[in-house]
Peer 1: 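Structure in structure tokens, see below.
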Amino acid sequence: MFKNMPELPEVETIKIQLEKFLTGREIIGVEVRNRKTLADGEENLPGGKIIGVRRFGKVVVIDLDNDYSVLIHLKLTGQLVFQGPNLPGKHTHVIFDLDGGKKLYFNDLRKFGWIKIVKSGDVATESFIAKLGPEPFKDLTLEKFKEILSKTNRPIKIVLMDQTKISGIGNIYANEALWLAKINPCVPARQLDGKTARHLYSVILEVLKDGLKWGGASDQAYIQPSGEEGKYQEHFLVYGRQGQICQRCKKAKIAKTKLGGRGTYFCPICQK
DNA sequence: CCAGCAGCCTGTGCGC
DNA sequence: TGCGCACAGGCTGCTG
């Protein structure tokens, strides 16, 4: 199953590695094999020297010295691989040719991911990035978090995954955080009391940090630019564990339901 | 304002 | 063994 998608820890891992591999390198040329990958259908990508890599939520930004930046969203199955073996492959849609014969491959089985070129000065106001909510570890303070929850009656899990409310959390980490905090995914956000919200806040930072520590979660879709797999999937406590006994109460079986169209896993006893 | 859902896409895993 | 089909899911855009 290709069920995992790059979320904050995965994209941060990608960002850190790309920074190391790409900074200072020249983009000699770009081969576009699937034009639909380019969000605006740009034909000529603007070469230049790579001066840095940034991350906004789940978006990777590669900054060039010619005042252009390359925005990349991997969505569900996108990969950025530096110098991989057996590449390009069937799912390689864009190839960045770098100096020294090096290459950066953009692969995406489901073709949901996109690449967009904008002026570096316009990155912050680009439509997707401008709408992103506060970033965990940066501007998402506990106060801000409580304020976000207090303003809506939508299920807490939907709110956590809403990129305009908080950026970077996807289905895996939302499920894991709610299990750790013993909160039912369907509870309206506004109903969480101060203590519970505070607990959830610290648990969110904890799971994201943990994901990053293990280099992200790999199923088959996600791999790091180095070609390595993440290891976080070996540490899932609730995600994908439907039918298995809850690790905490040792009584209930993990249930699976759908919330906002997404697979939702929880312990019916622990998460009231 | 919000909720719900189709659409995008393709490998997987089920039923028959 | 193989065919057909439902399913997964981040995000957009449409409708109610």
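Below, read A as the first sequence line, B as the second, and so on, with proteins coming before strands; counting in each chain starts at 1.
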Peer 1: Would you call the rings of A:F128 and A:W114 parallel, tilted or perpendicular if under 30° counts as parallel and over 60° as perpendicular?
Peer 2: perpendicular

Peer 1: Please enumerate all residues that pass side chain to side chain contact (heavy atoms under 4.5 Å, CB included) together with A:K49, with sequence neighbours excluded.
Peer 2: A:E26, A:D65

Peer 1: If the cut-off is 4.0 Å, is A:H91 near the phosphate of B:dC9, judged by side-chain N/O to OP1 or OP2?
Peer 2: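 It does not, given that no N or O in the side chain of A:H91 lies less than 4.0 Å from OP1 or OP2 of B:dC9.
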
Peer 1: Go through C:dG9, B:dA3, B:dT10 for me and flag the one nearest to the A:R262 side chain.
Peer 2: C:dG9

Peer 1: May I have the distance from A:K131 (atom NZ) to C:dG13 (atom P), rounded to whole angstrom?
Peer 2: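 About 7 Å, once rounded to whole Å.
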
Peer 1: B:dT10 phosphate, OP1 or OP2: any side-chain N/O from A:K111 under 4.0 angstrom?
Peer 2: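 So the side-chain polar atoms of A:K111 do come within 4.0 Å of the phosphate oxygens OP1 or OP2 of B:dT10, strictly under.
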
Peer 1: Is there a donor N/O on one and an acceptor N/O on the other, under 3.5 Å, for the side chain of A:R154 and the base of B:dA3?
Peer 2: no

Peer 1: Does a donor on one side chain and an acceptor on the other come within less than 3.5 Å for A:Y265 and A:Q244?
Peer 2: no

Peer 1: Roughly how many Å is it from OH in A:Y239 to P in C:dA8, rounded to a whole number?
Peer 2: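 Those two atoms, OH and P, are 10 Å apart.
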
Peer 1: Mind checking if A:N171 touches a base, just sugar-phosphate, or nothing, with heavy atoms under 4.0 Å?
Peer 2: sugar-phosphate

Peer 1: Mind calculating the distance between CZ (A:R110) and P (B:dG7) to the nearest angstrom?
Peer 2: 17 Å

Peer 1: Can a side chain N or O of A:K36 be found less than 4.0 Å away from OP1 or OP2 on B:dC9?
Peer 2: yes

Peer 1: With a 4.0 Å cut-off on heavy atoms, is A:G113 in touch with a base, just the backbone sugar-phosphate, or nothing at all?
Peer 2: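 Nothing: the residue A:G113, judged by heavy atoms under 4.0 Å, touches no strand.
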
Peer 1: Between A:K90 and B:dG11, does any side-chain N or O lie under 4.0 Å from OP1 or OP2?
Peer 2: yes

Peer 1: Has A:H73 got a side-chain N or O lying under 4.0 Å from the OP1 or OP2 atom of C:dC11?
Peer 2: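 A:H73 to C:dC11 OP1/OP2: side-chain N or O found under 4.0 Å.
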
Peer 1: Under 4.0 Å from OP1 or OP2 of C:dG10: is there any side-chain N or O of A:Q163 that close?
Peer 2: no

Peer 1: What is the distance from CD of A:E10 to C1' of C:dG10, rounded to the nearest Å?
Peer 2: 14 Å

Peer 1: Is there a donor-acceptor contact under 3.5 Å linking the side chains of A:D63 and A:S69?
Peer 2: yes

Peer 1: Rounded off to whole Å, could you give me the NE2-to-C1' distance for the A:H93 and B:dC9 pair?
Peer 2: 9 Å

Peer 1: A:L76 has a side chain; which of B:dT10, C:dA8, C:dG9 sits nearest to it?
Peer 2: C:dG9

Peer 1: Is it true that A:M161 and A:L132 fall in one hydrophobic cluster, defined by side-chain heavy atoms closer than 4.5 Å?
Peer 2: no

Peer 1: What is the distance from CD1 of A:I169 to P of C:dC11, rounded to the nearest Å?
Peer 2: 12 Å

Peer 1: When you compare the side chains of A:N171 and A:K157, does any donor N or O come within less than 3.5 Å of an acceptor on the partner?
Peer 2: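 Judged by distance alone, the side chains do pair up.
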
Peer 1: Which nucleotide in the list C:dA8, C:dC11, C:dG9 gets nearest to the side chain of A:K258?
Peer 2: C:dA8

Peer 1: Report the distance from atom CD of A:E7 to atom C1' of C:dG10, rounded to the nearest whole Å.
Peer 2: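 Taking CD of A:E7 and C1' of C:dG10, I get 10 Å after rounding.
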
Peer 1: So is the aromatic ring of A:F112 stacked onto the base of C:dC11, judging by whether the centres are under 5.5 Å apart and the planes are under 30° apart?
Peer 2: no

Peer 1: Taking NZ from A:K165 and P from C:dG10, how many angstroms apart are they, rounded to a whole number?
Peer 2: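 After rounding, the reported distance stands at 17 Å.
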
